[in-house]
Amino acid sequence: MPRRHGPAQGPRATHIVSHCGGRRPGTCPSHRTIVALTRSLAIAPGEGIMSDEKLPARQEDFNEWYNQIVVRAELADYAPVRGCMVVRPYGWALWENITAALDRRFKATGHLNAGFPMFIPKSFLEREKEHVEGFSPELAVVTIGGGEVLEEPLVVRPTSETIIGHMYAKWIKSYRDLPVLINLWNSVVRWEKRTKLFLRTTEFYWQEGHTAHATADEAEAETRRMLDVYVDFAVNDAAIPVIPGLKSQTEKFAGAQRSYSIEAMMGDGKALQSGTSHNLGDNFARAFNIQYLDAQNVLQFCSTTSWGLSTRFIGAIIMVHGDDTGLILPPKLAPYQVVVVPIYKNDDERSLVLGEVDRLAGELGDLRVTIDRREGLTPGFKFNEWEMRGVPLRLELGPRDIAGQSVTLARRDRPGKSGKTSVPRQGLAAHIGEALADIQASLYDRALEARRARTHEPKDFAEFAQVVEQGFAFSWWCGRSECEAEIQEKTKATTRCIPFDQPSGSGACIHCGQTSQSKAIFARAY
RNA sequence: CGGGGUGUAGCGCAGUUGGUAGCGCACCGCGUUUGGGACGCGGGGGUCGGCGGUUCAAGUCCGCCCACCCCGACCA
């Protein structure tokens, strides 16, 4: 590929905005087919097909499809700092709806929000052995402050377990202080080698819950309870089917005793860990002396947990629901649930239509509605743009609709003209409410069906290797790290989780043949 | 960190044998358009990644540096 980056802007921005610009189809491999096609139809290249206006087909180039959607839908853009992203208002509105949906659930389970500093003394990280081993390769370290070399370097938080540990040790004295249930909404920094908007950026936004409990059982219950919260959110608000389960030893959080995750299948069959919950046992309690006196006046270590869900989840929404036309947002999280496109030819029609559009929008008070009043753009352009940006429902209102006392309704889950119906103006609000609920449900059903179609239970390792190229394998696994490493080397697939939902009995490990007590989900992962 | 590649307008690119920088899109203005990605005319926009060298003259030739991209090893 020729150069696709510029020094001043996001280096990858160029790459993302258009893989070849579409202007020189002859020099771009991806366009040769199109060019050949147009030639055979005796149309000059570029005359009949505006290739740069279309997204790449998911099947052709899923990666490029994703990159273009993120930028063109104005969810995010590349920051001038390598690996960092700017979340644009449309993307942030989506994130706000996600945070609201989660925060509501956190409050309902008794958690309180707090703010912790982004700088952590470097020595804190070193207190827990596994933790420092896991995180030191990706730390950003501050060595100078106010022009002077710091006595102790500060790390920019990659996660807050250590500073939480320090403070909890200070706050917790008695069993009467427990449990402590705190959540943080913040951003963290991990110096990743290879980044991708939303999925893996140097800095990302998330929530991290941190709790301390009197007993190991309570901590385990909390860990599982918050994983359930993530499942509930993913399924009911994001319309994303997820598989909750236990992480393998190699996949678990650095410093945790046990990690759980929810795993989702993306549109290309790869897996995305979409949320995690960790039982930290007494690892951090011992490292930071988080101790309390129990009712018998005996000093005990706390058991702690942590759990997080990040802006990565936006990547999941994009890759689970999106189609070749662009983004499809689940109605419950969409920044705009309804977009109204007014249609008119002259000033008279314009005032007629806009007046009606205002009345109509007024009736939809409970919904998130936007009216596209932009001048100088054809309705057709607006249809395509809002479909690309994933608005679940579009209302088209022009003179014809007004004359017929009706409104044209277009469902995003059925793109193009096929998703259009004309509905009576009377009772529109109720109709729209039903349509949104229906879209929400159908997105989930569609995603679940897509996952089913690509989830297999291979007979042998040869079939296993084949199915994980484009989907999930649900297979007996011995649980040994060495075995997992060999599988990864041979197939690029890793265990995603050991689902809670297990068949009874035992079986032979898909790779080494050892008798195994449980089956794992294997897949290539983001 | 290893291997490969690329830096020219916001983006995609062209720039011949060295002769003082151009095209498309986007942007701005005006007009005609507007029910599935409109068109015409006019206009603004550049330390050619940086530094140094060769030369009467460097986007172009030479050297060094920087940045970024792709592929691998590591990851919410």
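So you know, we letter chains A, B, ... as the sequences are listed, proteins then strands, and number each from 1. The figures here come from the full heavy-atom set of this structure, side chains too, leaving out hydrogens, waters and symmetry mates.
Judged by Watson-Crick or G-U wobble contacts below 3.5 Å, the nucleotide B:U17 has no partner. Across every strand in view, B:C51 sits in a pair with B:G63 that passes the Watson-Crick or G-U test at under 3.5 angstrom. Searching all strands for a Watson-Crick or G-U wobble partner of B:G37 with both distances below 3.5 Å returns nothing. The pairing partner recorded for B:G10 is B:C25, the criterion being a Watson-Crick or G-U wobble arrangement whose two distances lie under 3.5 angstrom. Across all strands shown, B:A58 forms no Watson-Crick or G-U wobble pair with both distances under 3.5 Å. Nucleotide B:C1: paired with B:G72 (Watson-Crick or G-U wobble, both distances less than 3.5 Å).
If you measure from atom CG of A:L377 to atom P of B:A38, you get 8 Å, rounded to the nearest angstrom. Protein atom NZ of A:K252 is 17 Å distant from nucleotide atom P of B:C74, rounded to whole Å. The separation between A:N63 atom CG and B:C69 atom P is 13 Å, rounded to whole Å. In this structure, the CD atom of A:E385 is 16 Å from the P atom of B:G36, given to the nearest Å. Rounded to whole angstrom, the span from the CG atom of A:D77 across to the P atom of B:G10 amounts to 14 Å. A straight line from CG of A:D372 to C1' of B:G36 spans 14 Å, rounded to a whole angstrom. Put simply, CZ on A:R200 is 13 Å from C1' on B:A73, counting in whole angstrom units. Atom CD in A:E489 sits about 15 Å away from atom P in B:G72, given to the nearest Å.
At a cut-off of 3.5 angstrom, counting only N and O atoms as typed in the model, there is a donor on one side and an acceptor on the other between the side-chain of A:E387 and the base of B:G36.
Position along RNA chain B of the nearest nucleotide to A:K345 versus A:G376 favours A:K345 as the more 5'-ward residue. Annotation: of the two residues near RNA chain B, A:Q488 and A:F383, the 5′-most nearest-nucleotide partner is A:F383.
Residues A:E220 and A:N279 have side chains that bring a donor and an acceptor to within less than 3.5 angstrom of each other.
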**Request:** Could you walk me through whether A:K247 and A:E263 pass salt bridge (Lys or Arg N to Asp or Glu O under 4.0 Å), step by step?
**Result:** CA-CA 10 Å; A:K247 280 290 191 185; A:E263 300 286 332; 2.8 Å; yes
* For salt bridge (Lys or Arg N to Asp or Glu O under 4.0 Å), just list the numbers for A:R480 and A:E482, CA-CA rounded to whole Å, side-chain angles, deciding distance to a tenth of an Å, and then say yes or no. => CA-CA 6 Å; A:R480 293 159 47 237; A:E482 314 84 71; 3.5 Å; yes
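Rounded to the nearest Å, the gap between the C1' atom of B:C48 and that of B:C74 is 38 Å. Separating the P atom of B:C68 from that of B:C11 is a span of 16 Å, rounded to the nearest Å. Spacing of P atoms, B:U55 relative to B:G3, comes out at 36 Å, to the nearest Å. Between B:G46 and B:G59, the distance separating the two C1' atoms is 11 Å to the nearest Å. One C1' atom belongs to B:G43, the other to B:U47, and the distance between them is 24 Å to the nearest Å. The gap from the P atom of B:G31 to that of B:G50 amounts to 42 Å, rounded to the nearest Å. The separation of B:U33 from B:G40, taken at their C1' atoms, amounts to 11 Å, rounded to a whole angstrom. Nucleotides B:A14 and B:G52 are separated by 28 Å at their C1' atoms, to the nearest Å.
Figure legend: A:R224 and A:F500 shown as a cation-pi pair, the cationic atom lying under 6.0 angstrom from the six-membered ring centre and within 45 degrees of its axis. A:R394 forms a cation-pi arrangement with A:F383, by the criterion of a distance under 6.0 Å to the ring centre and an angle within 45° of the ring axis. In this structure, A:R389 satisfies the cation-pi test against A:Y90, with its NZ or CZ atom closer than 6.0 Å to the six-membered ring centre and inside 45 degrees of the ring normal.
When the nucleotides B:G37, B:G35, B:G72 are ranked by their closest atom to the side chain of A:K492, B:G72 comes out on top. Each of B:C74, B:A38, B:G36 was ranked by its minimum atom distance to the side chain of A:E396; first place goes to B:G36. Among B:G37, B:U34, B:G36, the nucleotide with an atom closest to any side-chain atom of A:K417 is B:G36. Here the side chain of A:E138 is nearest to one of B:G37, B:C75, B:G35, namely B:C75.
Applying the 4.0 Å criterion to OP1 and OP2 of B:C74, one finds that A:K193 has every side-chain N and O outside that range. The phosphate of B:C71 has OP1 or OP2 within less than 4.0 Å of a side-chain N or O from A:R194. Using a 4.0 Å cut-off, no side-chain N or O of A:T378 falls inside it from OP1 or OP2 of B:G37.
Among the protein residues, A:S310 comes within range of the nucleic acid bases, having at least one heavy atom under 4.0 Å from a base atom. A:R394 comes within 4.0 angstrom of a base, heavy atoms only. Residue contacts for A:P399: at a heavy-atom cut-off of 4.0 Å it reaches a base atom on one of the strands shown. Within the nucleic acid shown, A:L199 comes within 4.0 Å of at least one base atom, counting heavy atoms only. Counting non-hydrogen atoms under 4.0 angstrom, A:T159 reaches nothing in the nucleic acid. Here A:K420 lies in heavy-atom contact (under 4.0 Å) with a base. Among the protein residues, A:G134 comes within range of no part of the nucleic acid, since none of its heavy atoms lies under 4.0 Å from any strand. Counting any heavy atom pair closer than 4.0 Å across all strands shown, A:T201 reaches a base atom. Contact annotation for A:N346: no contact, since no heavy-atom pair falls under 4.0 Å across all strands. Using a 4.0 Å heavy-atom criterion, one finds that A:G308 contacts no nucleic acid atom at all.
From A:E130, atom CD reaches atom NZ of A:K252 across 3.5 Å, with rounding to the nearest 0.5 Å.
The aromatic rings of A:F522 and A:W477 sit perpendicular to each other, their planes meeting at more than 60°, with 30° as the lower class boundary.
A:R225 has a carboxylate O that lies under 4.0 Å from a charged side-chain N of A:E222, or vice versa, which qualifies the two as a salt bridge.
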